[in-house]
Amino acid sequence: MRKVSVALNPEAVIGETDPRLFGAFVEHLGRCVYGGIYEPGHATADAHGFRHDVLELVRELAPTIMRYPGGNFVSGYNWEDGVGPAEKRPRRLDLAWMSTEPNTFGTNEFIDWCRLANIEPMLAVNLGTRGGDAARNLLEYCNHPGGTAWSDLRRAHGWEQAHDVKFWCLGNEMDGPWQMEMKTAEEYGRIAIEAAKMMKWIDPRIELAACGSSGRNMPTFGAWEDTVLQHTFSHVEYISLHTYVNNYADDSAALLASPDLMDGFIEEVVAIADSVAARAHSSKRIMLSFDEWNVWYRTRRNADVRVKPGWPVAPEILEEIYNMQDALAFGGMCISLLNHADRVKTACLAQLVNVIAPIMTETGGPAWRQTIFHPFAQMSNYGRGRVLRAEIDSPTYAANYYDPRGKADLYFPLPAVPYLKMAAVEDPASGAITIFALNRHLEEPMPLDVALRGFGVPVLIEALELRHADLKAVNTKDQPDNVSPAPLAGVTLATDRVQATLAPASWNMIRISR
Ligand code: AHR
């Protein structure tokens, strides 16, 4: 491949990353809660039943905010079922995932777990089977200090201090036919604004995310965002986006190109949100909450992996095993998020443990890192700061991405995909720069030349690559480090310049200081 050139100017900044850009998601789904973060009786569990082997990996992954309790689950959830003495909590059928929900883990346990993990909690309210009344009661239970029935109930349950949850999602994927009590944009917009109004009357410091369409390929996309924001504009700070990229077509080149569609999706939602603002003659800017994103296909459409018969508790569903090329596409999605740090202020990797997750566990056994763990951990630990606008001169390739969820075209032509996808983030305190770079060429190494205007002679802090000769290689309980980062050799440094050769089909992180 010919040389790929990148120009970075520390003065050309896309935006500063919000700490919430590095979030994840815990849903009552399969073994995410039960057998995932919570497993009383496990050898590493504490008195609360929290698995500490999982907690250690969560700390290494370093998510900053955690969405809970769903997802599709929240649209049928009675939050009251999950608080109070555990032995009195009801078992319920969960129609989202055809499971039995024992309710032994609920809101208070989730808050305790977040505090232990040093993660900000994000709660979603049920605007499917319930509405504004249940939402305002949950907020009062969580955030009101005391002296009212709901807040005193929390105190009676053992949580004297208010939980002080700042970020709330107004429902989940409300345009999806799979959702309990799906809604039209008008219906949802009305319910969302009324819930938002009451919630902000109780606690004006909270921030709210309205549901965007559940995917860019939904027939509702576009008009949904416009209508919902026209209703809710005055009372919400965020609109949500969800994307799962796939490799149903077993087409590696298209899989690695697919994060570019995420860039387009973000830019379209920004345009719609700003058009609503313009029509409202407002300078307010609605920010984006990308509160579900990942690679997901093996366990997505196939009924017997989505649902197990007999209404089991915590069934082994959606336990996607990620391979090397999934991690590359996933890394591309990380880059898309970073490069839109000006408007995407919150994002949640869906999900955290076992269910389409970076961390896998065996119930009663060990926990280990999936391939996608590594790009996320690197982004979260080293991708915070000022995202620089990179001018990239890279050869391109053409791909045709297949997405069976689309109603019109099942194929999305991508005629000019740059082989290099990258983001560069400057730490404002030290001036150090972290480069995340994906070589999407499947056979050829990439000679990369990065010009850093006015940087001086860089000092290499660390250079790592993630690659494997077999794009389908995975990590397992017995081979947990089969796909894991290794030093990237041969990085050369000169005044205002970094050069490296990126292996074919590789994810790379290069950290330099002044
Ligand atoms: O993350 C899995 C599911 O995907 C969520 O419950 C839902 O919101 C989405 O469709």
Side-chain angles (χ1 to χ4, degrees), residues 18-20 23-28 33 37 48 63-71 73-75 77-86 89 103 105-172 191-211 232 234-240 286-287 289 291 345-346 348:
D18 189 296
R20 288 174 173 155
F25 177 27
V26 165
E27 177 167 2
H28 283 254
V33 172
I37 62 172
H48 300 285
T64 48
I65 189 166
M66 198 62 61
R67 184 167 178 249
Y68 173 88
F73 173 81
V74 79
S75 295
Y77 185 48
N78 299 330
W79 67 266
E80 303 88 336
D81 293 346
V83 297
R89 298 186 195 173
N103 281 309
F105 186 99
T107 304
N108 296 319
E109 289 79 22
F110 173 69
I111 299 289
D112 281 352
W113 183 86
C114 285
R115 300 299 177 220
L116 187 62
N118 195 23
I119 292 171
E120 181 187 356
M122 172 197 289
L123 292 181
V125 297
N126 174 356
L127 295 189
T129 60
R130 304 190 80 186
D133 194 42
R136 73 172 174 136
N137 293 344
L138 173 60
L139 178 64
E140 187 178 326
Y141 179 92
C142 287
N143 281 17
H144 198 65
T148 65
W150 289 116
S151 56
D152 285 344
L153 186 62
R154 181 200 70 240
R155 295 167 69 204
H157 288 159
W159 282 266
E160 178 63 30
Q161 298 303 317
H163 293 328
D164 201 18
V165 177
K166 290 276 179 354
F167 198 108
W168 295 76
C169 305
L170 297 167
N172 177 69
I191 288 171
I193 178 63
E194 292 305 322
K197 227 167 65 182
M198 291 190 284
M199 290 171 79
K200 288 215 166 156
W201 282 340
I202 292 172
D203 185 349
R205 298 163 314 153
I206 61 170
E207 293 171 61
L208 295 173
C211 283
T232 58
S234 54
H235 279 69
V236 305
E237 286 71 34
Y238 303 88
I239 183 90
S240 75
I286 297 287
M287 296 297 167
S289 174
D291 51 34
K345 293 294 171 188
T346 302
C348 300

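Everything quoted here is computed from the prediction, not taken from an experiment.
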Original post:
Are the charged groups of Asp133 and Arg136 less than 4.0 angstrom apart, N to O?
Top reply: yes
**OP:** Consider only side-chain N and O atoms of Trp159 and Asn108, and report whether a donor and an acceptor are under 3.5 Å apart.
**Re:** no
**OP:** Taking all non-hydrogen atoms of both residues into account, name the closest pair between Cys142 and Leu123 and its distance.
**Re:** SG-CD1, 4.0 Å
Original post:
Can a salt bridge be assigned to the pair Glu80 and Arg130 using a cut-off of 4.0 Å between side-chain N and carboxylate O?
Top reply: yes
Original post:
Does the side chain of Asn172 pick up a donor-acceptor pair with the side chain of Arg67 at under 3.5 Å?
Top reply: yes
**OP:** Hey, could you give me each pair passing salt bridge (Lys or Arg N to Asp or Glu O under 4.0 Å) that has a residue in residues 137-149? Not counting sequence neighbours.
**Re:** none
Original post:
Is there a donor in the side chain of Asp203 and an acceptor in the side chain of Asn143, or the other way round, less than 3.5 Å apart?
Top reply: yes
Subject >> Side-chain heavy-atom pair Val165, Ile111 within 4.5 angstrom cut-off >> reply: yes
Subject >> Residue pairs involving residues 120-143 (criterion ring pair (Phe, Tyr, Trp, His ring centres under 6.0 Å); sequence neighbours excluded) >> reply: Trp79-Tyr141, Tyr141-His157
Original post:
Would you call Glu207 and Lys166 a salt bridge, taking side-chain N to carboxylate O under 4.0 Å as the test?
Top reply: no
Original post:
Are there more than 12 heavy atoms of other residues, nucleotides or ligands under 6.0 Å from atom CG of Asp152?
Top reply: yes
**OP:** Please determine if Arg115 and Asp112 form a salt bridge, counting it only when a charged side-chain N lies under 4.0 Å from a carboxylate O.
**Re:** no
**OP:** Report the relative orientation of the aromatic rings in Tyr68 and Phe105; use parallel for angles under 30°, tilted for 30 to 60°, perpendicular for over 60°.
**Re:** perpendicular
